[in-house]
Amino acid sequence: MSLQLYDTWTRSQREFTPLKPGEVGLYTCGPTVYNYAHIGNLRTYLFEDGLVRVLKLNGYRVNHVMNITDVGHLVSDGDDGEDKMEAGSKRTGQTAWTIAALYTDAFRADLKALNIQEPDVWCKATDNIPEQISFIEEIEKKGYTYRTSDGIYFDTSKQASYGHLGRLDIAGLQAGSRVDLGEKKHSTDYALWKFSAPEDHRQMEWDSPWGRGFPGWHIECSAMAHKYLGEYFDIHCGGEDHITVHHPNEISQTEAAYGTRLANFWMHGYFLITNDAKMSKSSGEFLRVQLLIDKGYDPIAYRYLCLTGHYRTQLSFSWETLDAAQTGLDRLRNNVYSLGEATTVDAGFFERLMEKLNDDLNFPQALALAFEVLKSGLAPGVKKATILKFDEAFGLGLTSWVPKIEDVPGDVRALAEARWTARNAKDWAEADRLRGELTARGWSMKDGKEDYTMTST
RNA sequence: GGCGGGUUAGCAAAGAGGUUAUGCAGCGGAUUGCAAAUCCGUCUAGAGCGGUUCGAUUCCGCUACCCGCCUCCA
């Protein structure tokens, strides 16, 4: 079965064919590095990682570009309000540049913890200011811009196709707009370049043909995608929230400058939901990978949890669902580990796996298939090789996983030895008494045939 | 106000017009001195009303409720 992907542009699943044979250009919207990422943010990167893995299993070379937004986005609505980077700087007392570096590192650590493969190209907005300026000049040349007292704006009314990705009803948007237009001509118009307020000295600002200031929120993606992937490439990804604003704006910029809709496929990951509400950094507390670790979870359990839901459906998160995922993952790991030496991949199961994955990345069914493999009558070595092959898509790190060997303190070891001796002498009363002592010290002893294992609880 | 999505068993979550989803939890059994782990088996489903159909949880319509986006946001 050939690879089928859901394209938000056509609102349908269709066959994926790369523009250049054997090669896929992929752009994924990256983080704004003004704070830590929460696990909801990371769900989207997990989805994109799954996509990359499936593309590779289909034999494609993937050129994956991800941006780091380290400037320019605004805290509030309506093209005004405080810059996030500058706000983060005020909050922590460090420079905007330091903040960006700090949270970029934190983001990469999160990716690593979740076994997400890094993109081939990282690009920072602040490293590509000239590219953004010339992109705006190109748009200006084509006559899509106008100037207000605070910046250069894109006139969306000059583009008949504006908003197609989001199926935007422009008239409806105008009527229901919750934001003051200010000097904007239409509610969907957006800033390409913002002027620094003369009295407010910014840490991040640059000279431009229009005046000193900083780029608008959407231009960096158009400019950097153009720089690294060209005028038209294969797939552009992001979160579902980008369907109605950010991505239509990216498209409008590139369409104005180069006459293409930027990417052949537009794919969107759906939100992680907590307590029936969206996670949000701006609503105060949020869940970080580090919190999962602090609570004793393996971050990979979160990856496993995300595999159990389809990327185009919102996923519920609670500690209970994470518990279930952690247990499921632990059993899968132990089960696979105990199969011994991997031999050959079962072709039938692998073919079925690819059918699931190529059906718009159906990881839930792929995971269910893995359990079918384990229950099948295949030889242990074949089962193991097959599951490890599956894991190239899952990314659960099953190949390298080994049971944790716990560091057992000497006195606990002595108790365990004493109990083992008593047990072998069939002195059940003494054995049970010693088990009780071990339990009291937070250790559990599992009897095997030839040996025992210790785990702390 | 506009646009879009959803409602599946205790929890989470898939596919399929008729045949076991799956995982976690529960229950029964095997095994174990007792445990743990493991294995086998198994009960809880598809919001309500109507339509199409030999047959619908699956297609269509209506109602109710929930959610997302329209505002920085994954």
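All values below were derived from every heavy atom in this structure, side-chain atoms included, with hydrogens, water molecules and symmetry-related copies excluded. Every chain is numbered from 1 and lettered A, B, ... according to where its sequence line falls, protein lines coming before strand lines.
Two residues, A/R167 and A/C29, neighbour RNA chain B, and the one matched to the more 5' nucleotide by heavy-atom proximity is A/R167.
What separates OH of A/Y311 from P of B/rA13 is a distance of 17 Å, to the nearest Å. To the nearest angstrom, C1' of B/rC70 lies 12 Å from CG of A/N249. Rounded to an integer number of Å, the gap from A/L287 CG to B/rA74 C1' is 14 Å. For A/L357 and B/rA14, the CG to P distance is 15 Å, given to the nearest whole Å. Put simply, CG on A/L307 is 15 Å from P on B/rG23, counting in whole angstrom units. Rounding to whole angstrom units, OH of residue A/Y270 and P of B/rC69 are separated by 11 Å. For A/L374 and B/rC40, the CG to C1' distance is 16 Å, given to the nearest whole Å. Atom pair A/F371:CZ and B/rC39:P shows a separation of 11 Å (rounding to whole Å applied).
Residue-level contact check: A/L332 touches neither bases nor backbone, having no heavy atom under 4.0 Å from any strand. Counting non-hydrogen atoms under 4.0 angstrom, A/G309 reaches the backbone sugars and phosphates but no base. At the heavy-atom level, A/Q314 lies under 4.0 Å from the strands shown only through sugar-phosphate atoms. Using a 4.0 Å heavy-atom criterion, one finds that A/N334 contacts no nucleic acid atom at all. Within 4.0 Å (heavy atoms only), A/Y304 reaches sugar-phosphate atoms of the nucleic acid but no base atom.
A/Y103 and A/D70 share no side-chain donor-acceptor pair at under 3.5 Å. Counting only N and O atoms by type, the side chains of A/E183 and A/S149 include a donor and acceptor under 3.5 Å apart.
Between A/W217 and A/H246, the ring center distance fails the sub-6.0 Å criterion.
In this structure, B/rG6 is classed as anti because its glycosidic torsion departs from zero by more than 90°.
Here the options are A/T8, A/L361, A/L26, the test is side-chain contact (heavy atoms from CB on, under 4.5 Å), and the partner is A/M267; only A/L361 passes. Paired with A/I116 under the rule side-chain contact (heavy atoms from CB on, under 4.5 Å), one option of A/V52, A/D49, A/D110 passes, and it is A/D49.
Comparing B/rC69, B/rA74, B/rG23 against the side chain of A/Y45 picks out B/rA74 as the nearest. Comparing B/rA13, B/rC39, B/rC11 against the side chain of A/S316 picks out B/rA13 as the nearest.
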- Sugar-phosphate atoms are those with a prime plus P, OP1 and OP2; base atoms are the rest. Using that split, label each nucleotide of nucleotides 30-37 of chain B B, S or - for protein heavy atoms under 4.0 Å, 5' to 3'. ---BBBB-
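Comparing the P positions of B/rA36 and B/rC27 gives an interatomic distance of 12 Å, to the nearest angstrom. The separation of B/rA74 from B/rG41, taken at their C1' atoms, amounts to 43 Å, rounded to a whole angstrom. Only the C1' atoms considered, B/rA14 is 14 Å distant from B/rA9, to the nearest whole Å. Look at the C1' atom in both B/rG6 and B/rG46: the space between them is 13 Å, to the nearest Å. Comparing the P positions of B/rA47 and B/rA56 gives an interatomic distance of 15 Å, to the nearest angstrom. Between B/rU20 and B/rG48, the two P atoms lie 23 Å apart (nearest whole Å). Spacing of P atoms, B/rG1 relative to B/rU63, comes out at 15 Å, to the nearest Å. Spacing between B/rU53 and B/rC3 at atom C1', rounded to whole Å, works out to 34 Å.
A salt bridge links A/R14 with A/D7: at least one charged nitrogen is closer than 4.0 Å to a carboxylate oxygen. A salt bridge is absent between A/D427 and A/R433: the closest approach of a Lys/Arg side-chain nitrogen to an acidic carboxylate oxygen does not fall below 4.0 angstrom. Of the charged side-chain nitrogens involved, none lies within less than 4.0 Å of a carboxylate oxygen, so that A/D346 and A/R352 do not count as a salt-bridged pair.
Residues satisfying the ring pair (Phe, Tyr, Trp, His ring centres under 6.0 Å) criterion with A/F107, sequence neighbours excluded, are A/Y45. Evaluation of the side chain to side chain contact (heavy atoms under 4.5 Å, CB included) rule for A/K295 yields A/L291, A/Y297, A/W319 as partners, not counting sequence neighbours. Not counting sequence neighbours, the partners of A/T28 by the side chain to side chain donor-acceptor pair (under 3.5 Å) test are A/H64.
Around CD of A/E341, the count of heavy atoms belonging to other residues, nucleotides or ligands within 6.0 Å does not exceed 12. Around atom CG of A/D407, no more than 12 heavy atoms belonging to other residues, nucleotides or ligands sit under 6.0 Å away. No more than 12 heavy atoms of other residues, nucleotides or ligands sit less than 6.0 Å from atom OH of A/Y337.
The side chain of A/T313 contributes an N or O atom lying less than 4.0 Å from OP1 or OP2 of B/rA14. Within the 4.0 Å cut-off from OP1 or OP2 of B/rC11, not a single side-chain nitrogen or oxygen of A/S318 is found.
Base pairing in RNA chain B gives the following stems of 3 or more Watson-Crick or G-U pairs, range against range and under 3.5 Å: B:1-7 with B:64-70, B:10-12 with B:22-24, B:26-30 with B:38-42, B:47-51 with B:59-63.
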Atom pairs, N/O to N/O, protein against nucleotides 15-21 of chain B, distance under 3.5 Å?
unit_1: B/rG15; atom_1: O4'; unit_2: A/Q365; atom_2: NE2; d: 2.3

